[in-house]
J.: 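Pasting a structure below so you can have a look.
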Amino acid sequence: MAFSECKIDTSLILDQKDGVSWIRLNNPKQKNALSKNMITELIGTLKKISKDATQRVVVLKGEGGIFCSGADLDWMRSGIDNSMQSNMDDASLFYRLYSALYNFPKPIIVWVEKFAFGGATGLVACADYALADEDVIFAYPEVKLGIIPATIAPFVIKKTGPAQTKALMLTGEVFTATKALESGLLNEVCKSTDTEQRVIALAELFKKNGPEAIATTKHLLNRIVDDGELNDELANLCCHTIASARISKEGQEGVNAFFEKRKPNWIQVVKSSKNK
């Protein structure tokens, strides 16, 4: 796959082409474990992409045919020598990463290969579309190590519900891609030979949609999930959101493009950036 731009950091590889930012966790020797440096770089990279109007979709995967083994255990082990405040800061860094992914204004596709354990499942849970090769395995092994899956728990529960989350987090058992699909953690399971093309096709689907509509829809859906209650405030939010969209420039452009049987201008912008 050819990319028009490649930026290599210590722990990440960022490739950008045709409005899609491919982020690869880049420490395969350590099974792409989430180190302090990797998390910091990932948060910073997401922040930059969120402000770049030419980038419409993010794909997150691991380098070397491996997704992620979870938190860097050497980093976790060093916590015994640190103060409570230092350990709180480390935990906050994880939570900031998951929040950045969950609230990211553009579609995020997560592609899982080989395995996703512990903290890596938080990355999967925060995706807008998560897919995995059929031989991938998952686990929440924290309790087996005497620690707690605390920072991923809110995001996993949002994705899979309390019953599935409790069963798998309290047993710590390894589970298959098929079970991850059934639980709602994954959206799709593919043959390994087909996954890349499916990811590319999904990115193209997302790119056809209005970027402002995508961002607003994500925000609205997150609010509905977070509030979890059908009340007057939520009803007002939903009504206000669609009413605003109907009179927005993007909303008018999309409707007019439909009746004029042409592609809306946000698709033309992506093509224009491709030709540069």
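The analysis underlying the following values was restricted to heavy atoms, covering all of them including side chains, and did not include hydrogens, waters or symmetry mates.
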J.: Step by step, would you call R24 with D15 a side-chain contact (heavy atoms from CB on, under 4.5 Å)?
T.: CA-CA 8 Å; R24 303 202 299 277; D15 293 314; 2.5 Å; yes
J.: Against K114, only a single residue in I66, V136, N32 fulfils side-chain contact (heavy atoms from CB on, under 4.5 Å); can you say which?
T.: I66
J.: Test of understanding: clusters of I, L, V, M, F, W, Y form through side-chain heavy atoms closer than 4.5 Å, transitively. Do V156 and L145 belong to the same one?
T.: yes
J.: Taking everything shown except K61 itself, do over 12 heavy atoms lie less than 6.0 Å from its NZ?
T.: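 Counting neighbours around NZ of K61, more than 12 heavy atoms of other residues, nucleotides or ligands fall under 6.0 Å, so yes.
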J.: Determine whether V112 and L131 make a side-chain contact, defined as any pair of heavy atoms from C-beta on separated by less than 4.5 Å.
T.: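 No, too far: nothing below the 4.5 Å cut-off.
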J.: Please say yes or no: joined through hydrophobic side-chain contacts below 4.5 Å, possibly via intermediate residues, are I147 and L34 part of one cluster?
T.: yes
J.: Answer yes if W111 and L205 sit in the same cluster of Ile, Leu, Val, Met, Phe, Trp and Tyr residues linked by side chain heavy atoms under 4.5 Å apart, and no otherwise.
T.: yes
J.: Report the C-alpha distance between M38 and I43 in whole Å, list the side-chain angles of each, state the deciding distance to 0.1 Å, and finish with yes or no for side-chain contact (heavy atoms from CB on, under 4.5 Å).
T.: CA-CA 9 Å; M38 181 182 286; I43 292 172; over 6 Å; no
J.: Is the closest basic N to carboxylate O distance between R262 and E253 below 4.0 Å?
T.: yes
J.: Between A203 and V20, which heavy-atom pair has the shortest distance, and what is it?
T.: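 Closest approach of A203 to V20: CB-CG2, 3.9 Å.
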J.: Less than 3.5 Å apart, any donor N or O on the side chain of N26 or S11 sitting next to an acceptor on the other?
T.: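 No donor-acceptor contact under 3.5 Å links the two side chains.
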J.: Could you tell me whether the side chains of S183 and T160 share a donor-acceptor contact shorter than 3.5 Å?
T.: no
J.: Backbone N or O of C190 within a donor-acceptor pair of the D194 side chain at under 3.5 Å?
T.: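 Judged by distance alone, no pair lies under 3.5 Å.
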J.: Determine whether a donor-acceptor pair (N or O, by modelled atom type, separation under 3.5 Å) exists between the side chain of T121 and the backbone of F117.
T.: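 Judged by distance alone, no pair lies under 3.5 Å.
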J.: For residues M169 and P149, report the shortest heavy-atom separation together with the two atoms involved.
T.: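 The pair with the smallest heavy-atom distance is SD-CG, 3.7 Å.
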J.: Do the two ring centres, one from F67 and one from F138, sit under 6.0 Å apart?
T.: no
J.: With no hydrogens and no angle check, just 3.5 Å: does a side-chain donor-acceptor pair link Y102 and D226?
T.: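 The criterion, which ignores hydrogens and geometry beyond distance, is satisfied for D226 and Y102.
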J.: Do I200 and V59 have side chains that get closer than 4.5 Å, going by heavy atoms?
T.: no
J.: Taking the side chain as C-beta and beyond, is there a heavy-atom pair between F104 and I49 under 4.5 Å?
T.: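 With C-beta onward as the side chain, the pair touches.
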J.: Answer yes or no: does atom NZ of K179 have more than 12 heavy-atom neighbours from other residues, nucleotides or ligands under 6.0 Å?
T.: no
J.: Would you call K207 and E204 a salt bridge, taking side-chain N to carboxylate O under 4.0 Å as the test?
T.: yes
J.: Output yes when a side-chain donor or acceptor of E250 lies under 3.5 Å from a complementary backbone atom of A213, and no otherwise.
T.: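 Present.
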J.: Hey, could you give me the CG/OG1 distance between L42 and T45, rounded to the nearest 0.5 Å?
T.: 6.5 Å
J.: Once you round to the nearest 0.5 Å, how far does CD of E113 lie from CD of E63?
T.: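 One gets 9.5 Å once the value is rounded to the nearest 0.5 Å.
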J.: Looking only at heavy atoms, which two atoms of G119 and Y98 are closest? And how far apart?
T.: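 Heavy atoms only, the tightest pair is O-OH, 2.7 Å.
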J.: Is it true that T54 and D52 share a donor-acceptor pair across their side chains at a distance under 3.5 Å?
T.: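 Indeed, the side chains of D52 and T54 share at least one donor-acceptor pair under 3.5 Å.
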J.: Assess whether side-chain contact (heavy atoms from CB on, under 4.5 Å) is satisfied between E212 and K249, documenting all intermediate values.
T.: CA-CA 10 Å; E212 292 178 16; K249 289 183 179 179; 5.9 Å; no
J.: Please confirm whether the backbone N or O of K36 pairs with a side-chain atom of D72, one donor and one acceptor, at under 3.5 Å?
T.: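 A pair under 3.5 Å: no.
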J.: In chain order, what residues pass the ring pair (Phe, Tyr, Trp, His ring centres under 6.0 Å) check against F94, with sequence neighbours excluded?
T.: W75
J.: Which atom names give the shortest non-hydrogen contact between L181 and E188, and what distance separates them?
T.: CD1-N, 3.6 Å
J.: Salt-bridged, D128 to K106, with N to O below 4.0 Å?
T.: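 Not counted as a salt bridge, because no side-chain N and carboxylate O are separated by less than 4.0 Å.
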J.: Rounded to the nearest 0.5 Å, what separation is found between the CG atom of L123 and the CG atom of L97?
T.: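 Taking CG in L123 and CG in L97, the distance rounds to 6.0 Å.
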J.: To the nearest 0.5 Å, what is the distance between CG on L60 and CG on L25?
T.: 5.0 Å
J.: Between L185 and F115, is there a shared hydrophobic cluster once you connect ILVMFWY residues whose side-chain heavy atoms come closer than 4.5 Å?
T.: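 No; F115 is not reachable from L185 via cluster members.
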J.: Can any side-chain N or O of T217 pair as donor or acceptor with the backbone N or O of I214 at less than 3.5 Å?
T.: no
J.: Below 4.5 Å, heavy atoms only, C-beta onward: do I23 and L46 meet side chain to side chain?
T.: yes
J.: Using the rule that two of Ile, Leu, Val, Met, Phe, Trp, Tyr join whenever any of their side-chain heavy atoms come within less than 4.5 Å, decide whether V143 and F155 are in one cluster.
T.: no
J.: Could you check if a side-chain atom of K208 sits within less than 4.5 angstrom of a side-chain atom of K263, using non-hydrogen atoms only?
T.: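 The answer is no, as the side chains (C-beta and beyond) never meet within the 4.5 Å cut-off.
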J.: Tell me the side chain to side chain donor-acceptor pair (under 3.5 Å) pairs involving residues 131-151, sequence neighbours left out?
T.: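 Sorted pair list: D133-T195.
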J.: To check you understand the geometry: which heavy-atom pair defines the closest contact between L186 and A132, and what is its length?
T.: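 Distance-wise, the nearest heavy atoms are CD1-CB, 3.7 Å.
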J.: F206 vs I109, test: side-chain contact (heavy atoms from CB on, under 4.5 Å). Steps then yes/no.
T.: CA-CA 10 Å; F206 282 125; I109 301 170; 3.8 Å; yes
J.: Rounded at 0.5 Å granularity, tell me how far CD in Q55 sits from OG in S50.
T.: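 Reported to 0.5 Å precision, the distance equals 11.5 Å.
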J.: For S21, which of R56, Q16, K48 qualifies under side chain to side chain donor-acceptor pair (under 3.5 Å)?
T.: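 Passing option: Q16.
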J.: Looking only at non-hydrogen atoms, find the nearest pair between A127 and A130 and report the distance.
T.: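 The answer is CB-CB, 4.1 Å.
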